[in-house]
Amino acid sequence: MKKLEIYVRSSKMEDLKKELHDINVNFLIFSDVKAYGKNHDKHYRGQAYVDDVVKKVKLEVVISDDMLEKTIETVMKVARTGDIGDGKIVVQSVERVYRIRTGETDINAL
Amino acid sequence: MKKLEIYVRSSKMEDLKKELHDINVNFLIFSDVKAYGKNHDKHYRGQAYVDDVVKKVKLEVVISDDMLEKTIETVMKVARTGDIGDGKIVVQSVERVYRIRTGETDINAL
Amino acid sequence: MKKLEIYVRSSKMEDLKKELHDINVNFLIFSDVKAYGKNHDKHYRGQAYVDDVVKKVKLEVVISDDMLEKTIETVMKVARTGDIGDGKIVVQSVERVYRIRTGETDINAL
Amino acid sequence: MEDTLFTIHNLWMMIATSMVFIMHLGFASLEAGLTRSKNTVNILFKNTMVPAVGLLMYAIVGFSLMYPGKDFAGAWFGFSGFGVNPPANALTPAYNAGYTYWTDFIFQAMFAATAVTIISGAVAERIKLFTFLIFAVFYAGFCYPVVGMWKWGGGFLQALATPFYDFAGSSIVHSVGGWGALAGAIVLGPRIGKYKKDGVIPIPGHNMPLATTGVFLLWFGWFGFNGGSVLSANPGIVSLVFVTTSIAAAAGAMGAFIASYALFKTNDLTMVLNGILAGLVSITAGADQMSVGSSAIIGFIGGVLAVFAVLALDKLKIDDPVGAIPVHLGCGIWGTLAVGIFGNLAGGAQIMSQLIGIGVIGAFCFAVSFGAFFLLNKTMGLRVSETEEVEGLDINEHGMRSYSDFVVNED
Amino acid sequence: MEDTLFTIHNLWMMIATSMVFIMHLGFASLEAGLTRSKNTVNILFKNTMVPAVGLLMYAIVGFSLMYPGKDFAGAWFGFSGFGVNPPANALTPAYNAGYTYWTDFIFQAMFAATAVTIISGAVAERIKLFTFLIFAVFYAGFCYPVVGMWKWGGGFLQALATPFYDFAGSSIVHSVGGWGALAGAIVLGPRIGKYKKDGVIPIPGHNMPLATTGVFLLWFGWFGFNGGSVLSANPGIVSLVFVTTSIAAAAGAMGAFIASYALFKTNDLTMVLNGILAGLVSITAGADQMSVGSSAIIGFIGGVLAVFAVLALDKLKIDDPVGAIPVHLGCGIWGTLAVGIFGNLAGGAQIMSQLIGIGVIGAFCFAVSFGAFFLLNKTMGLRVSETEEVEGLDINEHGMRSYSDFVVNED
Amino acid sequence: MEDTLFTIHNLWMMIATSMVFIMHLGFASLEAGLTRSKNTVNILFKNTMVPAVGLLMYAIVGFSLMYPGKDFAGAWFGFSGFGVNPPANALTPAYNAGYTYWTDFIFQAMFAATAVTIISGAVAERIKLFTFLIFAVFYAGFCYPVVGMWKWGGGFLQALATPFYDFAGSSIVHSVGGWGALAGAIVLGPRIGKYKKDGVIPIPGHNMPLATTGVFLLWFGWFGFNGGSVLSANPGIVSLVFVTTSIAAAAGAMGAFIASYALFKTNDLTMVLNGILAGLVSITAGADQMSVGSSAIIGFIGGVLAVFAVLALDKLKIDDPVGAIPVHLGCGIWGTLAVGIFGNLAGGAQIMSQLIGIGVIGAFCFAVSFGAFFLLNKTMGLRVSETEEVEGLDINEHGMRSYSDFVVNED
Ligand SMILES: Nc1ncnc2c1ncn2[C@@H]1O[C@H](COP(=O)(O)OP(=O)(O)O)[C@@H](O)[C@H]1O
Ligand SMILES: Nc1ncnc2c1ncn2[C@@H]1O[C@H](COP(=O)(O)OP(=O)(O)O)[C@@H](O)[C@H]1O
Ligand SMILES: Nc1ncnc2c1ncn2[C@@H]1O[C@H](COP(=O)(O)OP(=O)(O)O)[C@@H](O)[C@H]1O
């Protein structure tokens with residue numbers, strides 16, 4: 001099995017969730033993270049300052065090996081805008097997955 | 001060494017922390033994440049809408065290989081309610097761990 | 001390629017970001033996480049209680065294999081105070097990285 | 001003796017002025033509370049500038065347009081010159097038995113800004129700041145005083161055989177604001193994401209304690225708004241107005257509570273808050289003419305009406321983030337009409353006059369504000385860019401965040 | 001001459017009414033601030049409905065129960081008929097030298113809702129909404145006016161040889177609310193997680209600026225609450241009351257500050273806030289009878305008392321999230337008693353009368369509210385389910401969140 | 001007749017007292033809103049204790065220092081004994097045609113605490129709680145009343161050939177507070193991280209609705225602050241003061257809006273909020289002497305001045321988190337001077353007297369407060385430790401968090 005950590009623009013979340021669900025990726029966790037990058041200028045009481053933090057959404061997905069290609073393709077298609085900041089996908093191998101409710105493991109646990 | 005990412009109900013956090021501590025799992029980080037799932041109906045100004053986000057807690061634990069079974073068992077025991085949404089455990093292998101304070105590595109760093 | 005998960009004091013974030021950037025670590029994501037540990041005593045309406053949660057920052061960095069040593073060194077140098085709570089580094093191997101914008105992979109994607 | 005009573009009456013009018021002033025904080029709190037945190041600085045900025053702009057415009061032209069003097073009795077329009085120019089008797093009962101010239105000016109000036117603030121809520125979260133401020137200058141300086149003159153300034157609505165009656169401004173203040181709000185909401189269009197193919201997607205307000213604070217402050221201020229509209233401290237009338245105002249507010253809360261529970265099986269705080277305002281707006285036209293029972297009925301109907309009006313607007317895809325149109329326009333009309341149905345003035349002729357007033361004011365305000373918004377749209381642009389709207393007006397128009405220490409949800 | 005003074009007195013009573021009204025916002029803010037964000041909509045909803053329900057119930061039956069007229073002098077109970085029915089002289093000094101009938105009604109009505117709002121805080125975060133609202137109808141419409149009649153309506157406490165003295169309601173308002181709060185907190189039991197084997201687990205309030213705002217608004221409103229209880233604008237008495245009220249509040253803050261620092265070695269803002277209210281409640285029974293020095297002592301003791309009462313309640317595992325029982329019951333009793341110990345009325349006979357009043361009011365209110373809560377518990381159910389309590393009342397009873405844009409901590 | 005007018009005047013003075021009281025909530029809200037959430041409990045604690053301490057100190061020594069009586073006419077210092085001791089005629093027009101002794105005391109006492117609260121904002125986020133409270137005792141109990149005596153107590157500034165004029169306290173309240181604020185900010189030094197090699201790093205305030213609420217409440221309170229300073233309900237003067245006060249506030253908002261847009265090309269809400277206060281402080285010295293036009297000019301200049309003063313302080317690396325020094329010191333001086341330039345009193349001799357007053361008050365207050373802060377720094381310590389400052393005063397001095405349910409950003 002593979003674990004994918006997908007860092008994308010938050011505006012792409014809704015679409016990504018739907019499309020991944022459509023190709024049957026069900027183990028799907030997301031959280032807010034930050035990356036460095038140029039953001040809006042801010043002003044406060046006469047002083048300008050740069051906000052160098054950009055928000056991203058991190059998606060964590062665990063899939064079976066044979067789903068890898070399809071999942072990557074889907075993310076690429078949905079999350080791409082072509083502008084800087086579209087994000088990254090990191091693929092790692094997973095040794096084991098358990099479903100806590102039933103004790104099922106691996107593919108059955110997804 | 002193994003890294004476990006454990007996604008559980010937030011109500012199970014306190015217990016899990018204590019029981020893991022009891023079996024000597026000390027490297028224990030947690031954060032709030034979200035998963036998709038059916039949640040409460042919400043209403044606002046005459047419009048009902050479904051909230052499809054459920055909160056989970058993600059625990060990250062790094063353990064030595066020989067602790068794996070015991071840790072899994074403990075999580076299974078503590079976090080299980082039998083209802084949908086009990087969560088998952090993902091096991092990955094870890095190459096190296098460092099304790100920043102001392103420079104110790106691997107098992108000594110845990 | 002390697003993925004490093006670096007758990008450090010939040011006060012070290014700014015420095016760490018700069019120094020890592022200087023050695024050309026560009027894929028750098030961070031988020032707020034919690035660890036258990038003794039914190040300030042709190043008081044509320046005549047009752048004292050212990051807050052056993054300490055905040056940490058989690059950095060996620062993906063680098064090429066040859067950058068590993070240099071990165072570890074940098075983190076060790078910047079994040080160490082010598083007091084309990086300096087944090088940990090967890091190293092895992094990564095199978096693949098994609099840059100969503102261009103489709104580039106692996107080292108080119110970093 | 002005369003001087004003593006004059007001092008008392010004037011004192012009440014000044015205190016009432018302070019209470020009407022604090023309504024601006026009420027509006028700011030309510031509107032900020034019922035919108036998203038990414039636009040909070042923007043709303044606070046508008047609602048802070050509006051009373052400032054309103055006071056200055058009212059000093060420069062508004063007061064002279066609204067109270068041009070006896071020469072313009074029965075007219076549609078009058079103007080007695082720029083600036084505030086106290087007459088010789090300005091500080092004596094000869095000017096008015098109830099207040100000095102200065103009190104008169106400042107009490108009226110506090111009202112003027114109200115109409116504009118009402119609009120602010122309906123166009124929130126998507127209107128350009130400068131365009132809105134220019135509209136505010138125009139509406140507070142021209143549109144509101146012209147309409148006010150028709151009745152309170154002795155104009156043609158006052159001169160009807162059965163004079164149009166609007167005690168404290170259900171029409172002259174609230175529906176003047178409400179029509180502008182409707183025009184603005186239509187020209188602007190809904191916020192991105194509010195109306196989708198599969199229905200209405202609610203956009204919840206970000207701070208319920210703030211919204212609630214706003215409504216309580218508005219109720220508090222309404223004691224000055226309605227009580228001050230007696231234009232003296234007359235014990236019988238002012239105290240009756242306090243009672244009718246409070247009972248209508250309470251009944252409005254009950255009306256909205258029951259209606260929204262019956263319709264949605266839920267206890268929607270924002271509906272109850274709107275219900276209180278609905279009750280208050282509804283009683284405003286006849287607060288000095290009603291019995292306790294009639295006040296309760298008028299307020300209750302107002303509260304129910306507001307709930308249905310919120311639904312109706314969503315059906316029409318007119319997006320009003322804070323419910324300004326249901327409360328101020330819907331109940332403004334209802335309250336004005338109710339003067340012909342309930343209370344001392346009830347009767348066919350009065351209903352007729354009320355309908356004339358409602359119609360003329362509506363036609364004028366809607367046309368003028370629609371025209372103004374349309375023109376501004378063609379020239380300066382009315383709406384912020386899609387990116388700005390999605391990211392929030394705060395960071396784009398102000399370079400600031402309203403809650404910089406807090407972690408807020410994306411979007 | 002008479003008319004002029006009448007106009008002044010009545011004006012003050014109306015302004016005092018507005019100030020008492022704003023105390024409802026004070027209570028709403030304080031109670032919301034001292035509880036968790038998952039129950040904020042619920043608390044705001046209750047505290048918005050309470051004045052609405054209170055005003056309407058007071059109009060329907062309360063006023064007639066509390067002021068049934070001379071026929072019931074010295075009695076335990078009286079009723080002069082449903083609704084508000086102004087007598088012929090309602091708007092003249094013949095009704096009362098200090099106010100019109102309408103002013104009388106609305107000033108008193110604002111008080112009625114107060115007693116219920118006090119209870120709202122003590123039962124917060126676990127009581128069912130509808131059950132609470134039914135209790136509110138009963139308490140504002142029946143229990144409060146019956147007790148009020150005993151003294152202010154000319155009932156048996158007024159008819160004692162040495163009449164029971166309670167200037168503005170330390171007992172008649174505050175401890176009436178406080179006894180209901182105690183009964184409610186006992187019947188309901190503590191919030192989940194508050195009392196564990198290993199001790200008390202504090203449940204911190206979620207918004208300290210909101211709680212602080214609440215206390216300042218309450219202090220502000222108290223100028224109307226105590227100052228208005230003079231029932232005229234009498235310069236000497238009202239201004240004395242302003243001074244004693246403020247000094248007691250300030251001394252209450254000092255008392256709570258010193259006591260909580262001495263006991264806990266920490267500077268607990270919520271204790272100081274409670275201390276101010278403790279000072280205010282303590283002075284309320286004798287605000288017109290005290291010197292500045294006595295006011296300071298009474299307020300200071302009140303502030304200290306409140307801190308100890310908070311601890312005592314926790315010992316007894318009675319869970320009062322906002323400190324309503326220490327402040328309103330504890331200091332309500334203390335303030336009532338203090339009238340017999342300090343100031344112009346001090347003396348053994350007065351102490352006796354005060355004790356009678358405290359005892360009778362306590363027995364009646366506690367019995368009646370305990371009974372009511374007990375019955376409601378058996379019939380409709382008093383407490384939300386465990387799941388609802390853990391998840392929060394907002395999402396379960398209202399389907400809403402109070403701060404939808406903010407990230408909040410779990411539980 | 002006399003009694004009737006006395007009752008009216010006194011009524012207004014009592015209501016004005018309540019309005020000045022609520023300014024303390026205004027300050028608390030503004031200061032909490034413009035600082036970080038990790039220090040919010042601390043600021044609320046200070047601003048809650050300050051009026052308590054101020055009232056008590058004013059009762060014990062302040063009132064007697066500030067109004068020592070005719071024996072000290074023209075003097076630099078006077079004292080008529082500890083405590084409040086009402087004379088025989090305390091409650092009659094013989095004491096004063098406009099108010100009773102009690103009203104006099106409580107109105108004045110509310111002012112005393114104001115000066116200290118102003119300082120609280122400038123030293124926020126880094127001063128030790130107890131040290132600050134001791135300073136507050138000293139400043140409210142000694143420094144403010146001594147300066148007040150010079151003019152309002154009949155001292156030497158009143159005795160100048162052309163008496164120094166300060167209607168409601170641009171100098172005597174606001175710049176007294178402002179000088180203390182300046183001294184405190186200098187002795188303390190800037191907050192960690194504010195001034196770095198590469199420039200100024202802004203530290204944004206955490207809650208804009210709270211800050212905005214504060215400013216509206218201050219404007220509201222200012223009706224009592226300036227209006228009450230007429231010391232009677234005189235219809236002509238009080239109503240003029242309402243107008244000049246409001247117009248100056250509105251013009252101050254415009255001034256700050258235009259200046260900050262011109263300079264920074266952004267719409268900074270906090271600057272507009274400061275601009276309103278700048279307008280209010282600027283008009284305070286001459287609110288009863290100005291025309292509407294002059295008020296607008298004075299307020300507008302005040303608003304512009306505040307913006308430049310904020311920049312100037314940052315240049316000097318004097319860290320004032322809330323802008324207390326620009327608003328209260330800068331505009332306090334400007335407003336005092338403006339009395340000699342605009343309005344009824346304008347003229348060279350008046351300018352001279354105003355400059356004397358500004359100079360003497362400035363020298364005294366700055367020296368005394370600098371000395372006090374310096375001494376406190378050497379003895380008790382003035383500033384919290386670096387760790388405490390970084391972690392926040394709330395958790396270190398109070399063991400509490402202001403928003404315990406919310407997720408807040410690190411540092
Ligand atoms: N070293 C870095 N410095 C600044 N920003 C970075 C860095 N690494 C990653 N980021 C941020 O993380 C985000 C992810 O970058 P990415 O999406 O890979 O950009 P690209 O479009 O070039 O692939 C970017 O928006 C960028 O802001
Ligand atoms: N594809 C998905 N759609 C909806 N919810 C999901 C999906 N994948 C995971 N979840 C959510 O993540 C949580 C984790 O699911 P899990 O605990 O594995 O459920 P189960 O009890 O079936 O094992 C669930 O509560 C569910 O809400
Ligand atoms: N089992 C545990 N109990 C308490 N705290 C823990 C535990 N494991 C990790 N932590 C927390 O996580 C943080 C990381 O610990 P670490 O930095 O490794 O400490 P050390 O300095 O000993 O290496 C510590 O601050 C600690 O608070």
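Throughout, a chain's letter reflects where its sequence line sits, starting with A, and its residues are numbered from 1.
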CE on F:M49 to CG on E:L269, rounded to 0.5 Å:
10.5 Å
Spacing of F:F21 atom CZ and E:F216 atom CZ [to the nearest 0.5 Å]
5.5 Å
For the residue pair F:F130 and E:F257, does the interplanar ring angle fall in the parallel (under 30°), tilted (30 to 60°) or perpendicular (over 60°) class?
tilted
Could you look at E:L210 and say if it's the side chain, the backbone, both or neither that has a heavy atom under 4.5 Å from chain F?
neither
Can you name the closest pair of heavy atoms from F:T7 and E:A233 and give their distance?
CG2-O, 3.6 Å
Quick check on E:I237 against chain F: is it the side chain, the backbone, both or neither that has a heavy atom closer than 4.5 Å?
neither
What one should report as the nearest heavy-atom pair of F:E397 and E:T266 is O-OG1, 4.3 Å
So E:P235 and F:L91, do their side chains get closer than 4.5 Å, heavy atoms only?
no
Between atom CZ of F:R401 and atom CE of E:M208, what is the distance when rounded to the nearest 0.5 Å?
12.5 Å
Contacting moiety of F:L129, where chain E heavy atoms sit under 4.5 Å:
side chain
Please classify the contact between F:L393 and chain E as side chain, backbone, both or neither, with a heavy-atom cut-off of under 4.5 Å.
neither
In Å and rounded to the nearest 0.5 Å, what is the NE2 to OG1 distance from F:H398 to E:T270?
12.0 Å
Against chain E, label F:N207 side chain, backbone, both or neither, depending on which of its atoms sit under 4.5 Å from a heavy atom there.
neither
Which bit of E:A249 comes within less than 4.5 Å of chain F, counting heavy atoms only: side chain, backbone, both or neither?
neither
Chain E contacts, top residue of F:M110, F:H9, F:M400 (heavy-atom pairs, under 4.5 Å):
F:M400
F:S404 side chain vs E:G205 backbone, donor-acceptor pair below 3.5 Å:
yes
Side chain, backbone, both or neither: which part of E:F242 has an atom under 4.5 Å from a heavy atom of chain F?
both
F:V53 side chain reached by E:M254 side chain, heavy atoms, under 4.5 Å:
yes
So which part of F:A59 gets closer than 4.5 Å to some heavy atom of chain E, the side chain, the backbone, both or neither?
side chain
Heavy-atom cut-off 4.5 Å, strictly under: side chain, backbone, both or neither for F:L11 against chain E?
side chain
Please state whether the side chain, the backbone, both or neither of E:Y261 comes within less than 4.5 Å of a heavy atom of chain F.
side chain
Say you draw a straight line from OG1 of E:T212 to CG of F:L44; how long is it, rounded to the nearest 0.5 Å?
4.0 Å
I want to check something: taking the side chain as every heavy atom from C-beta on, are F:L25 and E:L217 in contact at a cut-off of under 4.5 Å?
yes
Over 60° means perpendicular and under 30° means parallel, so classify the ring planes of F:F406 and E:H206, tilted if in between.
tilted
Could you give the distance from CG (E:N234) to CG (F:N10), rounded to the nearest 0.5 Å?
9.0 Å
For E:V272, is it the side chain, the backbone, both, or neither that has a heavy atom closer than 4.5 Å to a heavy atom of chain F?
side chain
Pick one of side chain, backbone, both or neither for E:F264, based on which atoms fall under 4.5 Å of a heavy atom in chain F.
neither
Side-chain donor or acceptor of F:D405 paired with backbone N/O of E:S37 under 3.5 Å:
yes
Give the minimum heavy-atom separation between E:I8 and F:I8, together with the two atoms involved.
CD1-CG1, 3.2 Å
Assert top hit (heavy-atom pairs under 4.5 Å, partner chain E, pool F:T213, F:I43, F:I15) equals F:I15
If we ignore hydrogens and angles and just use 3.5 Å, is the side chain of E:N267 paired with the main-chain N or O of F:F45 as donor and acceptor?
no
Turns out that what part of E:V292 lies under 4.5 Å from chain F's heavy atoms comes down to side chain
Okay, side chain of F:T4, backbone of E:L5: is any donor-acceptor separation there less than 3.5 Å?
no
E:S239 and F:T100 side chains, donor-acceptor separation under 3.5 Å:
yes
Top residue by heavy-atom pair count (under 4.5 Å) with chain E, among F:D394, F:T40, F:T103?
F:T103
